[in-house]
Amino acid sequence: YFNNHHHIQTLCNTGNVEEAAQELHSSLHASYEPSIYTCNLVLGALSKQKRYQSALSLYQAISHAGITPDHITLNTVVNCHCQMGDMSFAMKVFDEMTAHNYSPSNATFAALVKGFCRTGKLAECIEFFSKFLKENYSVDVTTYNVMMDGMCKMGNLKEAMGLFELMAKNECFADVCSYNILIRGFCKQGMLNKALQLFHELEEKGLGCDVVTYSTVMDGFVKENRPHDAVRFFYEGLHKGFRPNVVVYNVLVNGLCKIGESSQALEVLDEMYEQGCGPNVVTFNTIIDCLCKEGKMREAMDVFDKMKEVAIPSAVTYSTLMDGFCKDGNVDEAIRLFHQMPDDELVPDVVCYGIVIDGLCKQGCMNDAIHFLLLMLKRKISPDSIVYSALINGYCKQGKLQEARNLMQEMREKGLRPD
RNA sequence: CCGAUUCCUUACCGGG
């Protein structure tokens, strides 16, 4: 008999996580049970693929088979709960960990901090993190980064900067990632000057700016309606020996599109190939959106056809085109694309439905719009407030106020608040 | 016997 650890490891490393999980599962009840290392390996692989529910089910099976989890297993479980936003479950596991003398590590705290932030629980997050700070001398740079990123994403730049100073005081040295997080935070608040100040500090420290730094700053410029500065920043970087990746190019393309230079954007496409940095689906989506917004539906469809040679269209690709056609007054074509999505093995998401519904509403075809609403409900896709707004708008324009009111009521029942 | 496995962080595109 041989240990199947290496076989399962190979399966995981080659992306056959499903198969690995199955093999582990069947070996749980074999005469030689797998080691916790093997279990952790598969749980980690599922978690990396964001298949948190599967990981948790597998964990259930593992404990049921009587295999004792270690601190890594439990960290993974905590992380799965956090990623799914189930903070009460996550805390329950955390409490059990501490009760059984598994000492939580930076990974545990980082996962929980991220979970608290993602679910908007600012106070809990700060409280939890403070507790960690008091009890632990070695909060590492990653945990600080998670915390700073969470604070930034909740718009609390002051707290984030406080942490940045605190980590220096505690002799935990900020890395590029720390800077990138803060730079993005300031960009999103429209404080580009602060962002650029940090960028220069990063350069002076010799930590080295990376592709994330560049794409972040450039995107900051684009979002602040300063696409020219984004383009300039890009070329200055090239001059300093910076080597862009596909995301940086994507931001550049987006910037060029925003200044109405779709032809230049298409030139960048060629440059990307020359640099051995081929475009991806986002690149094409960006260009298609640009063409659509310029009303060039014909060209947009050409790009759509050509992109298929090198990339797989996504739901975003379709929604972009569908919106373009709707705005162009051609809802039929949008609906045709909607029905074409399954050919690319895509399932229309809430945005796709929203676009078609809005298009139909704007044409006054309320019955057809309702048909799509029912279709999405049948397919278990929950309409969001944008879908409802489109419908309510449509009814209001027709003077059908009662129908509009009914929809508002339906919204509230679903816990969506009208804005 | 040893080793083996592991867990946490940052950037780009679509709708009212």
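Quick note on labels: first sequence line is chain A, next is B, and so on, each numbered from 1.
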Return the nearest nucleotide to the side chain of [X]; candidates are [options].
| X | options | answer |
| --- | --- | --- |
| A/Asp323 | B/C8, B/U5, B/G15 | B/G15 |
| A/Ser105 | B/C8, B/C7, B/U10 | B/C7 |
| A/Asn285 | B/U10, B/C13, B/C7 | B/C13 |
| A/Ser47 | B/A4, B/C8, B/C12 | B/C8 |
| A/Val247 | B/C12, B/U10, B/C7 | B/C12 |
| A/Ala110 | B/C8, B/C7, B/A11 | B/C8 |

Does [X] place a side-chain N or O at less than 4.0 Å from the phosphate oxygens OP1/OP2 of [N]?
| X | N | value |
| --- | --- | --- |
| A/Arg184 | B/U10 | no |
| A/Lys397 | B/G16 | no |
| A/Lys188 | B/A11 | no |
| A/Lys223 | B/C13 | yes |
| A/Lys114 | B/U9 | yes |
| A/Lys362 | B/G15 | no |

Report which part of the nucleic acid [X] touches: base, sugar-phosphate, or nothing (heavy-atom distance under 4.0 Å, all strands).
| X | value |
| --- | --- |
| A/Val387 | base |
| A/Asp384 | base |
| A/Thr142 | base |
| A/Ala107 | base |
| A/Lys258 | nothing |
| A/Ser314 | nothing |
| A/Val316 | base |
| A/Val251 | sugar-phosphate |
| A/Leu41 | sugar-phosphate |
| A/Thr320 | sugar-phosphate |
| A/Asn13 | nothing |

- Considering the options A/Ile287, A/Ile288, A/Asp289, which one meets the side chain to side chain contact (heavy atoms under 4.5 Å, CB included) requirement together with A/Leu291?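 For A/Leu291, the side chain to side chain contact (heavy atoms under 4.5 Å, CB included) check succeeds only for A/Ile287.
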- Message: Would you say CZ of A/Phe89 has more than 12 non-hydrogen atoms from neighbouring residues, nucleotides or ligands within 6.0 angstrom?
- Response: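 No.
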Whole Å only: how far is the [atom1] atom of [X] from the [atom2] atom of [N]?
| X | N | atom1 | atom2 | result |
| --- | --- | --- | --- | --- |
| A/Leu207 | B/U10 | CG | C1' | 14 Å |
| A/Leu163 | B/U9 | CG | P | 17 Å |
| A/Leu11 | B/U5 | CG | C1' | 15 Å |
| A/Ile36 | B/A4 | CD1 | P | 16 Å |
| A/Asp175 | B/C8 | CG | C1' | 13 Å |
| A/Ile181 | B/U9 | CD1 | P | 10 Å |
| A/Leu182 | B/U9 | CG | P | 17 Å |
| A/Phe242 | B/A11 | CZ | P | 16 Å |

Enumerate donor-acceptor pairs with a distance under 3.5 Å from any side-chain N or O in residues 227-234 of chain A to protein atoms, sequence neighbours excluded.
from, atom 1, to, atom 2, distance (Å)
A/Asp229, OD1, A/Arg232, NH2, 3.0
A/Asp229, OD2, A/Arg226, NE, 2.8
A/Asp229, OD2, A/Arg226, NH2, 3.2
A/Arg232, NH1, A/Glu236, OE2, 2.8

Compile the donor-acceptor pairs under 3.5 Å between side chains in residues 355-368 of chain A and protein atoms, sequence neighbours left out, one pair per line.
from, atom 1, to, atom 2, distance (Å)
A/Asp358, OD1, A/Lys362, NZ, 3.0
A/Asp358, OD2, A/Lys362, NZ, 3.0

- Query: Centroid-to-centroid, A/Phe128 to A/Phe94, below 6.0 Å?
  - Reply: yes
Below 3.5 Å, does any donor atom in the side chain of [X] face an acceptor in the base of [N], or the other way round?
| X | N | answer |
| --- | --- | --- |
| A/Ser319 | B/G14 | yes |
| A/Asn40 | B/A4 | no |
| A/Ser215 | B/A11 | yes |
| A/Asp289 | B/G15 | no |

- Quick one: ring pair (Phe, Tyr, Trp, His ring centres under 6.0 Å) pairs with a partner in residues 43-62 of chain A, sequence neighbours left out? none
Which atom pairs, one a donor and one an acceptor, fall under 3.5 Å between side chains of residues 382-389 of chain A and the rest of the protein, sequence neighbours left out?
from, atom 1, to, atom 2, distance (Å)
A/Asp384, OD1, A/Ile386, N, 3.2
A/Asp384, OD1, A/Val387, N, 3.1
A/Tyr388, OH, A/Glu410, OE2, 2.9
A/Tyr388, OH, A/Lys414, NZ, 3.3
A/Ser389, OG, A/Ser385, O, 2.6

- Task: Go through the structure and list residues passing side-chain hydrogen bond (donor to acceptor under 3.5 Å, both in side chains) with A/Thr213, not counting sequence neighbours.
- Result: A/Asn180, A/Asp210
- Query: Which of residues 343-361 of chain A have a heavy atom under 4.0 Å from RNA chain B?
  - Reply: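 Heavy-atom contacts with RNA chain B come from A/Asp349, A/Val350, A/Val351, A/Cys352, A/Gly354, A/Ile355, A/Asp358.
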- Can you measure from NZ (A/Lys92) to CE (A/Met97) and round to the nearest 0.5 angstrom?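 That separation rounds to 15.0 Å.
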- Message: I need the minimum non-hydrogen distance between A/Leu112 and A/Ala90, along with the two atoms involved.
- Response: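 Result for this residue pair: CD2-CB, 3.8 Å.
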